[in-house]
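These notes concern the structure reproduced below.
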2 protein chains.
Amino acid sequence: MPSHRLTRPTRSGRPRSAAADAAILEATRASLVDLGWSKLTMGDVASRAGVAKTTLYRRWAGKNELVVDAVAVLFDELELPDLGSLAADVEAVVLQFAALLERPETRTALMAVVAESTRDEALRDRIRNSIVARQKRLVLQGRERAQRRGELPVEPDGEVAARTADLIFDVIAGAVVHRALVSAEPVDTDWARRFTLLLLSGLGSAPRPGSAPAERAQKPGGSV
Amino acid sequence: MPSHRLTRPTRSGRPRSAAADAAILEATRASLVDLGWSKLTMGDVASRAGVAKTTLYRRWAGKNELVVDAVAVLFDELELPDLGSLAADVEAVVLQFAALLERPETRTALMAVVAESTRDEALRDRIRNSIVARQKRLVLQGRERAQRRGELPVEPDGEVAARTADLIFDVIAGAVVHRALVSAEPVDTDWARRFTLLLLSGLGSAPRPGSAPAERAQKPGGSV
DNA sequence: CCAGTTACGCTACGGGTCGTAGCGTAAGGC
DNA sequence: GCCTTACGCTACGACCCGTAGCGTAACTGG
């Protein structure tokens with residue numbers, strides 16, 4: 001899934017070097033580790049990859065697109081073993097996300113490209129397709145398992161189910177990212193456990209005798 | 001609370017123009033709106049503010065610090081009317097955060113400076129003190145109210161309470177940011193309501209007859 | 001009122017990155 | 001072998017950076 005959206009109209013002629021592709025993406029990650037996002041430069045990546053700078057521009061429009069592709073492949077490693085319970089699965093997802101955010105490449109690149117994407121529609125789509133989708137997979141997978149186990153009800157309305165899945169995804173991914181990058185504190189097993197407990201049981205559940213539960217709770221079971 | 005940490009050792013001599021300060025920060029926000037983070041330049045801000053470029057560098061070390069200060073003041077607007085219930089308060093906090101993220105200045109700047117902060121300890125502290133702290137205030141305020149109402153138990157151990165507050169803060173702020181900037185979909189009242197319901201009631205509450213609740217749920221009431 | 005001290009505006013500069021153009025050459029498809 | 005495309009290389013104007021140097025402005029303390 002190369003996705004080098006830069007003009008590749010016809011076929012015939014010398015094909016693009018797949019080896020150069022790999023070298024460039026590898027060099028980009030290395031440069032991210034050494035220099036970080038802001039000091040990463042196209043020239044530096046080119047020389048690390050042993051490639052002319054012009055070759056970079058023939059394939060990627062600029063730094064943003066290049067880095068997205070370079071980091072995206074790391075999200076392919078994400079996989080979720082079936083641990084037998086929803087709680088365990090959520091905890092595992094959290095730790096998987098966290099492990100990726102530990103790596104300096106993703107750490108420095110992810111927020112940067114998201115920031116850039118606020119002014120670039122195409123970049124936003126690229127991120128959504130190559131990074132967010134890979135993350136979301138895990139959440140959908142976990143939900144399906146939980147439904148199969150009977151831990152979560154099966155929502156008949158597909159649209160409602162999709163909206164709830166989006167909500168849960170934003171909560172999980174958002175919380176992990178915020179903890180790791182904004183609060184800049186470790187996402188360890190202890191935190192993951194407390195987060196999972198909060199997500200599954202909520203704040204207001206069995207608070208203490210003598211207090212009324214949240215009034216708006218019309219239908220307490222979150223349909224998924 | 002100027003925080004221009006750039007050397008101001010003694011007093012006597014011509015004082016720094018407070019008017020210039022205001023003009024610079026205002027110009028910075030305007031430039032963020034027009035150009036976005038990546039294309040914002042110190043020279044542009046200076047000319048917008050009617051100020052020499054050197055004046056900027058006399059007060060701020062660079063783009064990062066300047067933008068943090070320029071955006072931070074927007075977070076002072078955050079205030080939370082007492083709405084009578086925990087659910088309503090949470091919903092209000094969510095919508096307050098969301099409203100700030102609607103603005104193009106904050107939208108483009110926030111993630112960018114966070115990204116930069118991953119490689120800059122001092123910048124991280126600056127963000128924490130001038131932006132994150134202002135957000136966290138609301139969460140702490142909401143918790144205190146809920147405890148006074150009896151909606152949340154009072155945690156006797158101060159450290160545990162602080163950790164739980166941090167958790168909740170990361171969940172709320174993280175979810176909102178992720179929804180608004182990564183998923184790039186609107187944080188409207190509908191979403192806020194569903195999020196609040198999830199946060200208060202959790203996923204696993206009253207799932208459906210015939211299924212066991214999450215096994216690890218040792219003490220279901222989240223102490224806060 | 002007069003030093004002393006600091007901020008300001010302006011100009012100019014070396015250094016770096018950007019993104020592109022132009023060229024000769026290398027590597028496949030037919 | 002011919003056509004087409006990719007590649008490496010060089011060079012370039014444009015822009016931004018961050019700083020130095022200077023003369024001037026503003027405020028403080030004697």
Side-chain angles (χ1 to χ4, degrees), chain A residues 2-28 31-32 34-67 112-113 116 119-120 122-123, chain B residues 2-28 31-32 34-67 112-113 116 119-120 122-123:
Chain A
S3 84
H4 315 153
R5 69 171 51 171
L6 248 40
T7 64
R8 190 136 66 125
T10 70
R11 62 283 192 195
S12 112
R14 176 175 177 178
R16 286 188 174 163
S17 164
D21 247 64
I24 291 171
L25 294 177
E26 172 68 29
T28 304
S31 187
L32 276 174
D34 290 352
L35 306 178
W37 163 266
S38 57
K39 296 189 177 177
L40 180 147
T41 174
M42 297 295 267
D44 177 71
V45 171
S47 65
R48 279 176 197 253
V51 157
K53 194 173 58 164
T54 48
T55 298
L56 283 188
Y57 282 105
R58 287 193 188 98
R59 310 189 183 196
W60 287 278
K63 190 171 156 177
N64 295 334
E65 291 77 6
L66 172 60
V67 169
V113 294
E116 292 300 313
R119 305 207 119 231
D120 186 338
L123 183 61
Chain B
S3 83
H4 313 153
R5 69 171 52 173
L6 249 39
T7 62
R8 191 139 65 124
T10 69
R11 64 285 192 192
S12 111
R14 178 175 176 176
R16 284 189 175 164
S17 163
D21 247 65
I24 291 171
L25 294 176
E26 172 68 28
T28 303
S31 187
L32 276 173
D34 290 352
L35 306 178
W37 164 265
S38 56
K39 297 188 177 178
L40 179 147
T41 174
M42 297 295 267
D44 177 71
V45 171
S47 66
R48 280 177 196 253
V51 157
K53 194 173 58 164
T54 48
T55 298
L56 284 188
Y57 284 103
R58 287 193 188 98
R59 309 188 183 198
W60 287 278
K63 190 171 157 178
N64 295 332
E65 291 77 6
L66 172 61
V67 170
V113 294
E116 293 299 315
R119 305 208 120 230
D120 186 338
L123 183 61

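Each chain gets a letter, A, B and so on, in the order its sequence line appears, and its residues count up from 1.
Across all their heavy atoms, A:T55 and A:V51 have their closest contact at CB-CG1, 3.4 Å. What you find for B:R59 and B:R16 is that their closest heavy atoms are NH2-CB, 3.9 Å. Residues B:S17 and B:A20 share a closest heavy-atom pair of OG-N, 2.9 Å. The nearest pair of heavy atoms linking B:D44 to B:S47 is O-OG, 3.0 Å. Across B:L123 and B:E65, no two heavy atoms sit closer than the pair CD1-N, 4.4 Å. Of all non-hydrogen atoms in A:I24 and A:L66, the two that sit nearest each other are CG2-CD1, 3.8 Å.
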Yes or no on side chain to side chain contact (heavy atoms under 4.5 Å, CB included) for A:D34 and A:R48, after CA distance, side-chain angles and deciding distance?
-> CA-CA 12 Å; A:D34 290 352; A:R48 279 176 197 253; 3.0 Å; yes

Kindly give the atom pairs (protein nitrogen or oxygen, nucleotide nitrogen or oxygen) under 3.5 Å for nucleotides 23-26 of chain D.
unit_1 : atom_1 : unit_2 : atom_2 : d
D:dA25 : N3     : B:R14  : NH1    : 3.1
D:dA26 : O4'    : B:R14  : NE     : 3.4

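For C:dC8, the base has no donor-acceptor partner in the side chain of B:T54 [N/O atoms by modelled type, under 3.5 angstrom]. A:K53 contributes no side-chain N or O that forms a donor-acceptor pair with the base of D:dG8 under 3.5 Å.
Residues B:T41 and B:K53 fail the side-chain proximity criterion, which asks for heavy atoms closer than 4.5 Å.
Checking C:dC8, D:dC17, D:dC7 against every side-chain atom of B:R59, the shortest atom distance belongs to C:dC8.
Rounded to 10°, the angle separating the first-five-pair axis and the last-five-pair axis of the helix from C:dC1-D:dG30 to C:dC30-D:dG1 equals 30°.
Distance alone, capped at 3.5 Å, places no donor-acceptor pair between the A:S31 side chain and the A:A27 backbone.
Close to D:dG8, at under 4.0 Å from its OP1 or OP2, lies a side-chain N or O of A:T55. Contact annotation: B:R16 reaches the phosphate of C:dA7 (side-chain N/O to OP1 or OP2, under 4.0 Å).
Computed from coordinates, the A:L56 CG to D:dA6 P distance equals 15 Å when rounded to whole Å. Spacing between atom OH of B:Y57 and atom C1' of C:dA7 amounts to 18 Å, rounded to whole angstrom units. Between the CH2 atom of B:W60 and the P atom of D:dC17 there is a distance of 15 Å, given to the nearest Å.
Within the model, atoms CE of A:M42 and CG of A:L56 stand 5.0 Å from one another, a figure rounded to the nearest 0.5 Å. Once rounded to the nearest 0.5 Å, the distance linking CG of A:N64 with CH2 of A:W37 reads 4.0 Å.
Counting any heavy atom pair closer than 4.0 Å across all strands shown, B:S17 reaches sugar-phosphate atoms only and no base atom.
For the segment residues 34-51 of chain A, the set of residues with a heavy atom within less than 4.0 Å of an atom of DNA chain C comprises A:T41, A:M42, A:G43, in numerical order.
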